[in-house]
Amino acid sequence: MTAYDEDETGETGETGETGGNGGNGGNGGNGGNGEDDATGGPAGGPGDARPGSFGGPRIPLPRVSVEDSGRPLPEVAPAALEHHVLTSLLGAWALAACSAQEAAAVEDHLGECDACADEALRLREAVTLLQRPESLDLDPGLRTRVLDGCLERRPPRIPVPEWAAPYDAETARLDALLQDIGDSDWHAPVRLRWFGEDGPASRRTTVAGVIAHLLAVDGAVALTLGLTDPLGDIAASTRAPAVRTEAYWRGSHAPPTRLVRAPWQEQSHDIVRTVSFTGDAGGMPVSYGDFELPLRDAMLDRAFECWVHAEDIADAVDYPYEPPSARHLNGMIDLAARMLPGVLAARRRAGLAAPGVRPHLVPAGEPGRSLRLEIEGSGGGEWLIPLDSPGAVGSAEHEVAHVALDGVEFCRLAAGHVPPAEAAAGQVGDREAIRDVLFAAAGLSRM
């Protein structure tokens with residue numbers, strides 16, 4: 001019979017061979033002497049958590065966390081690392097890829113070792129070169145996306161025509177650039193560049209002078225719309241962009257300053273607001289002196305020049321500036337492609353382009369020799385440029401040459417910022433036709 005078969009007093013105590021559970025008292029103590037055992041409680045009492053005992057907790061209570069005790073946390077001492085280990089960690093430390101203990105050890109070491117401190121400085125400078133500089137300008141498409149989202153929720157009573165949206169966007173981007181520059185930047189030198197009949201041409205001015213130039217030339221559109229002429233009482237012999245600009249510069253009492261921003265900003269807003277009332281036609285002719293453009297094309301032309309001169313300003317003040325959105329860039333390229341036949345014919349009449357195989361002009365509406373202009377990248381596409389007459393129709397069956405250009409590169413060629421002979425283009429076919437078209441593209445530029 002075992003001990004737990006008897007009563008709780010254990011008086012019979014017959015079996016003591018089970019590890020000292022018998023004897024007098026039989027309480028499971030050391031030999032039945034009733035003293036406290038190693039568990040910290042009285043023998044056989046509630047503090048006994050050994051298997052086979054009764055009344056005591058079998059799972060210990062949780063310990064109190066040091067964070068809950070109110071006592072200060074122990075400080076983490078930097079790891080004691082050898083010199084060669086710390087040297088190998090310098091690259092990871094420069095990239096902020098070390099653990100907290102490793103970083104603390106490296107930084108303590110840099111205060112003691114001049115050689116490692118110099119190496120750490122060189123590594124940190126190298127890391128800055130690996131990081132791509134972020135543009136301070138907003139994403140060119142952000143404004144369009146925000147406006148599209150707003151207009152979906154609340155369509156305007158009088159929307160801006162699609163053909164006026166590029167001008168609206170480019171003037172807004174340029175205005176954001178002007179808002180960011182300092183007072184001294186308005187007098188930073190800028191060189192306006194274009195390609196004339198005799199080759200590259202340029203004109204020196206300032207950032208404020210560029211805005212005055214845009215104000216004067218945009219005035220040709222403003223006059224067509226019945227708005228106030230920014231030249232005021234200043235007389236200009238024609239509406240040619242260069243003539244109006246020179247007249248405005250000469251007529252100013254002092255060189256343009258940042259004060260020119262306000263009238264330019266107001267005029268651009270008035271133009272966008274006024275063309276919104278013209279509907280989607282945009283066929284009203286805008287005179288540029290020796291040539292005319294429909295209003296819808298004139299607005300694209302002004303958007304193109306606004307972007308080009310914004311880049312001129314950005315280069316002068318070291319400001320990051322991105323090309324227009326793909327949709328707007330495509331419209332600008334399309335306008336240039338449509339103007340190429342007329343410029344090519346004018347150059348041929350002036351003896352600046354080869355007459356080609358045909359001795360006479362192709363009748364209007366008839367297919368003639370054509371060059372395929374392939375624009376790659378953002379805003380790209382393909383255009384067939386008739387070579388023999390402005391009124392001819394581009395024809396794939398009469399294709400004699402193929403030119404491939406990046407979209408932004410083509411626009412810079414059309415702005416006169418890239419010499420035709422240096423345009424990075426893929427060329428196949430009639431070399432004379434290719435040369436004439438590239439020079440005609442550069443001939444689209446003006447001050």
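FYI, the numbering just counts along the sequence from 1.
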Original post:
Are the charged groups of E125 and R122 less than 4.0 angstrom apart, N to O?
Top reply: no
Original post:
Under a 4.0 Å N-O cut-off, is there an ion pair linking E162 with R327?
Top reply: yes
Original post:
With side chains defined as the heavy atoms from C-beta onward, is the minimum distance between L174 and I313 less than 4.5 Å?
Top reply: yes
Original post:
Is the Lys NZ or Arg CZ of R273 less than 6.0 Å from the centre of F277's six-membered ring, within 45° of the axis?
Top reply: no
**OP:** For the residue pair D175 and W264, establish whether any side-chain heavy-atom pair is separated by less than 4.5 Å.
**Re:** yes
Original post:
What do you reckon, is CD of E382 surrounded by more than 12 foreign heavy atoms closer than 6.0 Å?
Top reply: yes
Original post:
Just wondering, do Q267 and L227 contact through their side chains at under 4.5 Å, heavy atoms?
Top reply: no
Original post:
Do any N or O atoms from the side chain of T245 and from the backbone of A242 form a donor-acceptor pair under 3.5 angstrom?
Top reply: no
Original post:
What pair of heavy atoms forms the shortest contact from V275 to L295, and how long is it?
Top reply: CG1-CD2, 4.2 Å
Original post:
Do you know which two heavy atoms are closest between F195 and S445, and how far apart they sit?
Top reply: N-OG, 2.8 Å
Subject >> Test side-chain contact (heavy atoms from CB on, under 4.5 Å) applied to D436 and L352, D430, L344, V343, the passing residue >> reply: L344
Original post:
Is a donor on one side and an acceptor on the other found under 3.5 Å between the side chain of E102 and the backbone of S99?
Top reply: yes
**OP:** Decide whether a cation-pi geometry holds between R446 and Y288; the criteria are a distance under 6.0 Å from NZ or CZ to the six-membered ring centre and an angle within 45° of the ring axis.
**Re:** yes
**OP:** Please report the shortest heavy-atom distance between I234 and A247, naming the atom on each side.
**Re:** CG2-O, 3.3 Å
**OP:** Apply side-chain contact (heavy atoms from CB on, under 4.5 Å) to L371 and V400, showing your working.
**Re:** CA-CA 6 Å; L371 178 141; V400 297; 5.6 Å; no
Subject >> Full working for salt bridge (Lys or Arg N to Asp or Glu O under 4.0 Å) between R302 and D297 >> reply: CA-CA 9 Å; R302 301 314 306 146; D297 288 344; over 6 Å; no
**OP:** Describe, in one word, how the ring planes of H213 and W249 are oriented to each other, choosing from parallel (under 30°), tilted (30 to 60°) and perpendicular (over 60°).
**Re:** tilted
**OP:** Take E170 and M332 through the test side-chain contact (heavy atoms from CB on, under 4.5 Å) and record every step on the way to the result.
**Re:** CA-CA 12 Å; E170 292 309 309; M332 298 175 191; 4.1 Å; yes
Original post:
Quick one: are R369 and P386 in side-chain contact, heavy atoms under 4.5 Å?
Top reply: no
Original post:
Is the closest basic N to carboxylate O distance between E409 and R412 below 4.0 Å?
Top reply: no
**OP:** Show your reasoning for whether side-chain contact (heavy atoms from CB on, under 4.5 Å) applies to V272 and Y167.
**Re:** CA-CA 8 Å; V272 172; Y167 177 80; 3.7 Å; yes
**OP:** Using a 4.5 Å cut-off on heavy atoms from C-beta on, say whether the side chain of I181 contacts that of L177.
**Re:** yes
Original post:
Nearest heavy-atom pair of I211 and L178: which atoms, and what distance?
Top reply: CD1-CD1, 3.7 Å
Original post:
For the atom pair CD (Q265) and CD (Q179), what is the distance rounded to the nearest 0.5 Å?
Top reply: 8.5 Å
**OP:** Can you measure from CG (L86) to SG (C98) and round to the nearest 0.5 angstrom?
**Re:** 9.5 Å
Subject >> Nearest-0.5 Å distance, CG of residue D315 to OH of residue Y321 >> reply: 11.5 Å
Subject >> Distance, nearest 0.5 Å, that separates CD of E119 from CG of D114 >> reply: 13.5 Å
Original post:
Do E374 and W383 have side chains that get closer than 4.5 Å, going by heavy atoms?
Top reply: no
Original post:
Is the closest basic N to carboxylate O distance between R338 and D334 below 4.0 Å?
Top reply: yes
Subject >> Stacked cation flag R124 on W93, 6.0 angstrom / 45 deg >> reply: yes
Subject >> Residues L340, L444; criterion side-chain contact (heavy atoms from CB on, under 4.5 Å); working and verdict >> reply: CA-CA 8 Å; L340 276 177; L444 291 169; 4.2 Å; yes
**OP:** Compute whether any side-chain donor of one residue and acceptor of the other, for S202 and R191, lie under 3.5 angstrom apart.
**Re:** yes
**OP:** Working to the nearest 0.5 Å, report the span between CG of L293 and CG of L335.
**Re:** 6.5 Å
**OP:** Give me the one residue out of T224, D218, L225 that meets side-chain contact (heavy atoms from CB on, under 4.5 Å) with V221.
**Re:** L225
Original post:
Where do P367 and S395 come nearest, in terms of heavy atoms and distance?
Top reply: CB-CB, 3.7 Å
Original post:
Within a strict 4.5 Å, meaning less than it, do heavy atoms of the T206 and P189 side chains meet?
Top reply: no
Original post:
Do R203 and E246 sit within salt-bridge range, that is, some charged N less than 4.0 Å from a carboxylate O?
Top reply: yes
**OP:** Would you check if the side chain of N330 reaches a backbone N or O of G380 as a donor-acceptor pair within less than 3.5 Å?
**Re:** yes
Original post:
If every non-hydrogen atom of L329 is compared with every non-hydrogen atom of P324, which pair is closest and at what distance?
Top reply: CD1-CD, 4.2 Å
Subject >> Donor-acceptor under 3.5 Å (R173 side chain, E322 main chain) >> reply: yes
Subject >> Candidate pair E305 and H309, rule side-chain hydrogen bond (donor to acceptor under 3.5 Å, both in side chains), full reasoning >> reply: CA-CA 6 Å; E305 187 167 357; H309 289 320; 3.1 Å; yes
Subject >> Expected output: side-chain T238 to main-chain A236 donor-acceptor under 3.5 Å >> reply: no
Original post:
Under a 4.5 Å cut-off applied to non-hydrogen side-chain atoms, are L215 and V260 in contact?
Top reply: yes
Original post:
When rounded to the nearest 0.5 angstrom, what is the spacing between CD in E311 and SG in C306?
Top reply: 11.0 Å
